[in-house]
Structure formats: C-alpha cells, structure tokens
Amino acid sequence: MTAINLFCQGGTAFMATDTATTEVGTGLLLSRRPKVLEVPHARMAMCWTGVAPNLPGQSVENGPRQRIRAALLILGVDLRRASQAAIMAALPAALRAMHLENIAAMPGAEPELLSLTVAIALWCRERGPMVVIGNSEAHGLLPAYTFARVRHFHSAARPDCSIVPAALGREANVSDPSDFDARKDALALLEAQRRICETPSGLRYHTVGGRAILTEVSRRGVTSTVLRRWPDVINQPIRLEA
C-alpha cells in the first residue's frame, strides 16, 4: 500500500508519499523506489494506492510508476508529450483497466483488496493548484472511475481522514500554511501512516516506509524533496523504530 497525502497551499499543490513496495501476504519490502509519476511539462504528478498483481513487463523497481504509464499508453496517451487535458481525459479509462487487471489476476478476492485509488496534484492556468482523486469503486454520489477535485486527501493501508488529528494531536487546516507546515506536518502524517499495520486483506504488517517524499506542483513545475529516509531493509519486513 502507499501512503498518500494531498493538499494545496497558496499556488502549490502538494503530495506527500512513502516509497515502500511490499509483498502481499508476507509484508517483505521489495523496493524503496519513488512511486510518484512526475509529468513536469503538464504541471502534474500522480500516484496510486492499492494492491498490484505481478504483471508481465513491470519490474518491482519501477512497477508503481510503470503501471499507470503503461495503462495510459495503451489508450494512446504518451506522458512524454501529452497535454494535461489529454491525460486527465484518459485517466478514468486507465483506472478502469488497472482495476480489471486486478480482478482478472485475483479471482474471488474481496472487492476491498482489488480496489485502487489514483491521486493527482496539478496546476492549471485557469484554476491554479488542485488535488484530484479517482476511485475504482463508487463513493457517495461519485460513480466508479470518476475523478473529482477534493480539498485534501489522506490514505494509508486504508483511507483514513482522521489521520490529521491522530498525527498532530490537534485538528488542523491543511490548506493554511500558518496552521499546517507543508514539510514538518506532512512528515508527521507519513509517520502516523507508517504505524498502521492492518492491510485491506486483513493481514497485519506494516506497508509504509522507504523514504518520505514531498512533491510540489506549481506554475514553476514539479519538484520532489526527501523528508526522511527510514532504515528499512530490502527482503525484510518493515519494522518500526524503537
């Protein structure tokens, strides 16, 4: 699973993520590579969370980024040159294709295990910074595979909007830089998500680790900063520090 935190402040959209890819069923750490797919020319960054089957041609090292890139390419959208509008228009079909891959690869699995969420931080000339999410399952009034702008979003092993007071010890307006520090408090959210150990499959092991990364998307482009490196070891379970 991937820890994702999305929010906007001023003219910037932020995405705070971890980099751990763990093996379903064992919790062994397979990779510490970044999962955020940056598209600087389109002023976008995207990431997804959920379980992935072992798919042909997708290495563990680049799997998270490679999967969404491949899903878009099949639809004729090449992220090396596609516009922001073209990418956003294709993402619902890409999410549906990824979800169907999960269903085909894991027949009989619980719907919760098969579900996927795609998170996007972007900046556009007309609206400025935005954070957008799309789910493979219907939520509220939103049908499946629908993308919608949100004020903020937090995920971990399971989506959990209560993570902000749990991590900071207080309620906070994540859109207000005087109330929520984009670096310090985003790292605190990732640390809290790191402590969650129940996965959607009901198994208990930690899935958040590797590095804590903050990605910023603004009119100037896309940048990523490492906030922390956790001492997680490849081919071993993630173990929390004492």
Side-chain angles (χ1 to χ4, degrees), residues 1-8 12-22 30-99 101-102 115-124 129-136 145 147-150 153-155 186 190 207-227:
M1 300 298 141
T2 298
I4 303 174
N5 300 279
L6 289 175
F7 58 97
C8 292
T12 303
F14 293 90
M15 179 183 292
T17 63
D18 75 310
T19 67
T21 298
T22 54
L30 301 177
S31 172
R32 294 178 298 226
R33 298 289 290 273
K35 304 176 187 177
V36 175
L37 180 56
E38 299 181 5
V39 193
H41 76 273
R43 303 293 190 272
M44 296 178 68
M46 63 187 83
C47 188
W48 61 271
T49 184
V51 173
N54 292 324
L55 299 172
Q58 295 190 13
S59 67
V60 169
E61 287 299 305
N62 291 312
R65 291 184 292 184
Q66 192 174 358
R67 188 180 187 194
I68 195 167
R69 184 187 288 114
L72 287 166
L73 192 58
I74 289 172
L75 297 169
V77 177
D78 187 340
L79 289 179
R80 295 173 297 180
R81 56 183 65 91
S83 68
Q84 185 185 98
I87 296 168
M88 291 300 299
L91 276 170
L95 174 56
R96 184 176 187 274
M98 292 165 61
H99 188 214
E101 284 177 339
N102 278 15
S115 67
L116 298 164
T117 299
V118 173
I120 305 157
L122 60 88
W123 182 91
C124 67
M130 294 193 298
V131 292
V132 176
I133 64 166
N135 294 295
S136 62
Y145 317 124
F147 283 76
R149 183 177 184 176
V150 295
F153 171 77
H154 310 285
S155 77
L190 289 168
T207 61
V208 175
R211 286 174 284 172
I213 294 184
L214 183 69
T215 300
E216 304 176 40
V217 184
S218 69
R219 178 169 53 186
R220 297 183 297 277
V222 182
T223 61
S224 290
T225 304
V226 177
L227 301 178

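What's counted below: heavy atoms across the whole structure, side chains too, no hydrogens, waters or symmetry copies.
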With sequence neighbours excluded, tell me which residues meet side-chain contact (heavy atoms from CB on, under 4.5 Å) with [X].
X: R96; answer: L100, Y145
X: A94; answer: A71, L72, L75
X: C47; answer: T2, I4, M15, T17, K35, V36

Pairs involving residues 39-50, ordered by first then second residue, that meet salt bridge (charged side-chain N to carboxylate O under 4.0 Å, His left out) (sequence neighbours left out): none

Residue pairs passing the salt bridge (charged side-chain N to carboxylate O under 4.0 Å, His left out) test with at least one member in residues 208-227, sequence neighbours excluded, are R183-E216

Value rounded to 0.5 Å, distance of [atom1] in [X] from [atom2] in [Y]:
X: R149; Y: I133; atom1: CZ; atom2: CD1; answer: 13.5 Å
X: L37; Y: M46; atom1: CG; atom2: CE; answer: 5.5 Å
X: R33; Y: Q66; atom1: CZ; atom2: CD; answer: 10.5 Å

Considering all heavy atoms, the nearest [X]-[Y] contact:
X: A16; Y: A186; answer: CB-CB, 4.0 Å
X: P64; Y: T21; answer: CG-OG1, 3.9 Å
X: V222; Y: P40; answer: CG2-CA, 3.8 Å
X: T19; Y: P34; answer: CG2-CA, 3.8 Å
X: V217; Y: A121; answer: CG2-O, 3.7 Å
X: S136; Y: L95; answer: N-CD2, 3.9 Å

Taking the side chain as every heavy atom from C-beta outward, state whether L91 and I120 have any atom pair closer than 4.5 Å. yes

Whether the side chain of [X] engages the backbone of [Y] through a donor-acceptor N/O pair (distance < 3.5 Å, no angle test) should be reported.
X: R67; Y: M98; result: yes
X: D18; Y: L190; result: no
X: H41; Y: A82; result: yes

So, using salt bridge (Lys or Arg N to Asp or Glu O under 4.0 Å) as the criterion, who are the partners of E38 when residues are at least two apart? none

For F147, what residues pass the ring pair (Phe, Tyr, Trp, His ring centres under 6.0 Å) criterion, not counting sequence neighbours? none

If the condition is ring pair (Phe, Tyr, Trp, His ring centres under 6.0 Å), which residues does F14 pass it with, not counting sequence neighbours? F7

Test: side chain to side chain donor-acceptor pair (under 3.5 Å). Region: residues 80-93. Which pairs qualify, not counting sequence neighbours? D78-R80, D78-R81

For S218, all residues meeting side-chain hydrogen bond (donor to acceptor under 3.5 Å, both in side chains), sequence neighbours excluded: none

